[in-house]
Visitor: 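Let me begin by handing over the structure; questions about it come next.
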Number of protein chains: 2
Amino acid sequence: MRARLSRENSMGWMIQRLARRLDDAMNARLAEHGLTLQQFAILMTVIEHGRMTQAEIGRLFAMPAYAISRAIDGLEADGLLVRDAHPSSRRAHQIHATEKALDMAPAMFAIVKAVNADLTQGLGDKEAGELRRLLATVVETAAI
Amino acid sequence: MRARLSRENSMGWMIQRLARRLDDAMNARLAEHGLTLQQFAILMTVIEHGRMTQAEIGRLFAMPAYAISRAIDGLEADGLLVRDAHPSSRRAHQIHATEKALDMAPAMFAIVKAVNADLTQGLGDKEAGELRRLLATVVETAAI
DNA sequence: TCACAACATTTGCAATTGCAACAGTTGCAT
DNA sequence: ATGCAACTGTTGCAATTGCAAATGTTGTGA
């Protein structure tokens, strides 16, 4: 039996493939709510974190400012987020979630939960915990 | 101390963040060779697998046909891949790597190796193996 | 206090990507 | 054989994304 192609078992490769599948799964479920994954991430963050500026969101996701600007354009048009004047800076905006967004939140969290469950369904609780721990280590210690 | 934001430790979230960093790291290194990550993936596959059609490549990566078509346009322009007539079908092309591509291959494999090493530098050999095993399980068993 | 660098956000334009339609080829059931 | 659905690959056009410049604001050091 010939050897597996080297890339198939490489960690980077597996991570990228899984990320792509997660992306597709999340986008499919979010499309029903008219959201992209990016918008969803911003929305959830603002809901959890409370009022924050666009730059803060950008730093959190390592996303360029213009992407935040445009994503929020969409979320604002959907009535989920609003840009307020910042209390201490006239250049920054303070973003916060609307009632409508808060009403939507439970459904959003349910999506995250369901997708994560689908992802780990082949693993026992113990293995899932171990995987979570190892991934967290890599997230913190990787040199890239 | 208040609880961590729920999403920070979710497995899907960590995988997506790592994938993004891997993507950036690979693209930065590949840019020196004038390749995108997509082109690189196709190139490596053709080098390892030998002659194959565009549709076969597409199925392997779950990539749309037009993306393959355009990526190969670039690789062909760079003199790394060529489209031959397929011996048994007039609609399919047989793609294969040029000498130039084969000469480049060692440098390409070195990049993969280096990035994977950077990724797992915070893990011991045993932990890295365990992580690889768990990820492989998820790749095979996930419901998404 | 004034010049200047850094910051927060937006936007015009170019490059990239995705969708859908197209052109040609093949297999298969009638 | 022939009509049709499925397949292989390409392309025009629209949507999305990314870069870089613009606009206005703030902090800081001479």
Side-chain angles (χ1 to χ4, degrees), chain A residues 16 19-21 23-28 30-31 34-43 45-46 49-78 81-96, chain B residues 16 19-21 23-28 30-31 34-43 45-46 49 51-78 80-96:
Chain A
Q16 302 205 43
R20 173 106 174 283
R21 285 162 62 181
D23 216 87
D24 291 347
M26 285 296 296
N27 274 316
L30 290 170
L35 293 175
T36 66
L37 183 51
Q38 259 195 5
Q39 290 179 323
F40 163 82
I42 292 174
L43 186 58
T45 301
V46 173
H49 182 283
R51 299 174 168 271
M52 56 198 305
T53 68
Q54 299 184 192
E56 282 167 353
I57 300 172
R59 278 188 291 271
L60 201 54
F61 292 116
M63 241 193 232
Y66 70 80
I68 306 290
S69 182
R70 285 172 173 152
I72 293 180
D73 285 348
L75 290 164
E76 210 174 16
D78 293 344
L81 249 43
V82 302
R83 286 168 161 110
D84 281 343
H86 193 282
S88 63
S89 167
R90 281 180 301 163
R91 65 186 163 185
H93 295 154
Q94 209 177 37
I95 310 301
H96 74 93
Chain B
Q16 301 205 45
R20 174 110 174 281
R21 285 162 63 180
D23 216 88
D24 291 346
M26 286 296 297
N27 273 316
L30 290 170
L35 294 176
T36 66
L37 183 52
Q38 259 194 5
Q39 290 180 321
F40 163 82
I42 292 174
L43 186 57
T45 300
V46 174
H49 182 283
R51 297 172 170 274
M52 56 197 307
T53 67
Q54 299 184 192
E56 282 167 355
I57 299 172
R59 277 189 292 270
L60 201 54
F61 293 116
M63 238 192 236
Y66 69 80
I68 306 290
S69 183
R70 285 171 174 153
I72 293 180
D73 285 348
L75 290 164
E76 210 173 16
D78 293 344
L80 298 170
L81 248 42
V82 301
R83 286 169 161 108
D84 281 345
H86 193 280
S88 64
S89 168
R90 281 180 302 163
R91 64 184 164 188
H93 294 153
Q94 208 176 38
I95 310 300
H96 74 92

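Note on naming: letters A, B, ... go to the chains in the order of the sequence lines (proteins, then strands), and numbering restarts at 1 for each one. Every value quoted in this text rests on a predicted model; they were computed, and no experiment measured them.
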Visitor: Working to the nearest 0.5 angstrom, can you tell me the gap between A:Leu43 CG and A:Ile95 CD1?
Guide: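 With rounding to 0.5 Å, CG (A:Leu43) is 11.5 Å from CD1 (A:Ile95).
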Visitor: Taking all non-hydrogen atoms of both residues, which atom of B:Gly34 and which atom of B:Asp78 are closest, and how far apart?
Guide: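 Reported closest heavy-atom pair: O-OD2, 3.9 Å.
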Visitor: Only one of B:His96, B:Gln94, B:His93 forms a side chain to side chain donor-acceptor pair (under 3.5 Å) with B:Asp84, so which one is it?
Guide: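 Only one of B:His96, B:Gln94, B:His93 forms a side chain to side chain donor-acceptor pair (under 3.5 Å) with B:Asp84, namely B:His96.
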Visitor: Pairs of donor and acceptor atoms involving the side chains of residues 60-77 of chain B, under 3.5 Å and at least two apart or interchain, shall be tabulated with distances.
Guide:
residue: B:Asp73; atom: OD1; partner: B:Arg83; partner atom: NH1; Å: 3.1
residue: B:Asp73; atom: OD1; partner: B:Arg83; partner atom: NH2; Å: 3.2
residue: B:Glu76; atom: OE1; partner: B:Arg83; partner atom: NH1; Å: 2.7
residue: B:Glu76; atom: OE2; partner: B:Arg83; partner atom: N; Å: 3.2

Visitor: Would you say C:dA8 has OP1 or OP2 under 4.0 Å from some side-chain N or O of A:Arg59?
Guide: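 Yes, within the criterion.
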Visitor: Once side chain to side chain donor-acceptor pair (under 3.5 Å) is applied, do any residues pair with B:Gln38, and if so which ones, sequence neighbours excluded?
Guide: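 Partners of B:Gln38 by the side chain to side chain donor-acceptor pair (under 3.5 Å) criterion come out as none, since no residue qualifies.
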Visitor: Using a cut-off of 4.0 Å on non-hydrogen atoms, how would the nucleic acid contact of B:Ala55 be classed: base, sugar-phosphate, or nothing?
Guide: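 B:Ala55: backbone/sugar contact only, no base atoms under 4.0 Å.
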Visitor: Quick one: A:Asn27 CG to C:dC19 C1', roughly how many Å, whole number?
Guide: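 Taking CG of A:Asn27 and C1' of C:dC19, I get 16 Å after rounding.
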Visitor: Can you tell me the distance, in whole Å, between the CE atom of A:Met63 and the C1' atom of C:dT9?
Guide: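 Atom CE in A:Met63 sits about 16 Å away from atom C1' in C:dT9.
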Visitor: Could you check whether any side-chain heavy atom of A:Gln16 comes within less than 4.5 Å of a side-chain heavy atom of B:Leu37, counting everything from C-beta outward?
Guide: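 A:Gln16 vs B:Leu37: side chains touch.
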Visitor: Scan residues 82-93 of chain B against DNA chain C and write down, sorted by residue number, each residue with any heavy atom closer than 4.0 Å; if none is found, say none.
Guide: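 Residues of residues 82-93 of chain B under 4.0 Å from DNA chain C: B:Ser89, B:Arg90, B:Arg91.
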Visitor: What is the distance, to the nearest angstrom, from the CD atom on B:Glu56 to the C1' atom on D:dG9?
Guide: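 Between C1' of D:dG9 and CD of B:Glu56: 14 Å.
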Visitor: For A:Arg70 and for A:Gln94, find the nucleotide of DNA chain C with the closest heavy atom, then tell me which residue's nucleotide is more 5'.
Guide: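 Comparing both residues, the 5'-ward one is A:Gln94.
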Visitor: Measuring from A:Leu35:CG to A:Met26:CE, what's the distance to the nearest 0.5 Å?
Guide: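 One finds 9.5 Å between CG of A:Leu35 and CE of A:Met26.
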Visitor: Quick one: A:Ile72 CD1 to C:dA8 P, roughly how many Å, whole number?
Guide: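 From A:Ile72 CD1 to C:dA8 P: 14 Å.
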Visitor: Measure the distance from CG on B:Leu37 to C1' on C:dT17 and round it to the nearest whole Å.
Guide: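 In whole Å, C:dT17 C1' lies 15 Å from B:Leu37 CG.
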Visitor: Using a cut-off of less than 4.0 Å, is there contact between a side-chain N or O of A:Tyr66 and OP1 or OP2 of D:dG18?
Guide: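 Answer yes for this pair, as a side-chain N or O of A:Tyr66 is under 4.0 Å from OP1 or OP2.
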Visitor: Send over the distance from A:Arg20 CZ to C:dT17 C1', rounded to a whole Å.
Guide: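 Distance, rounded to whole Å: 13 Å.
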Visitor: Does C:dT10 have OP1 or OP2 under 4.0 Å away from a side-chain N or O of A:Gln54?
Guide: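 Yes, such a contact exists.
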Visitor: Return the value, rounded to whole Å, for the distance between atom CG of A:Asp73 and atom C1' of D:dA15.
Guide: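 Distance, rounded to whole Å: 15 Å.
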Visitor: Rounded to the nearest angstrom, tell me the gap between atom CD1 in B:Ile57 and atom C1' in D:dT10.
Guide: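 Atom CD1 in B:Ile57 sits about 15 Å away from atom C1' in D:dT10.
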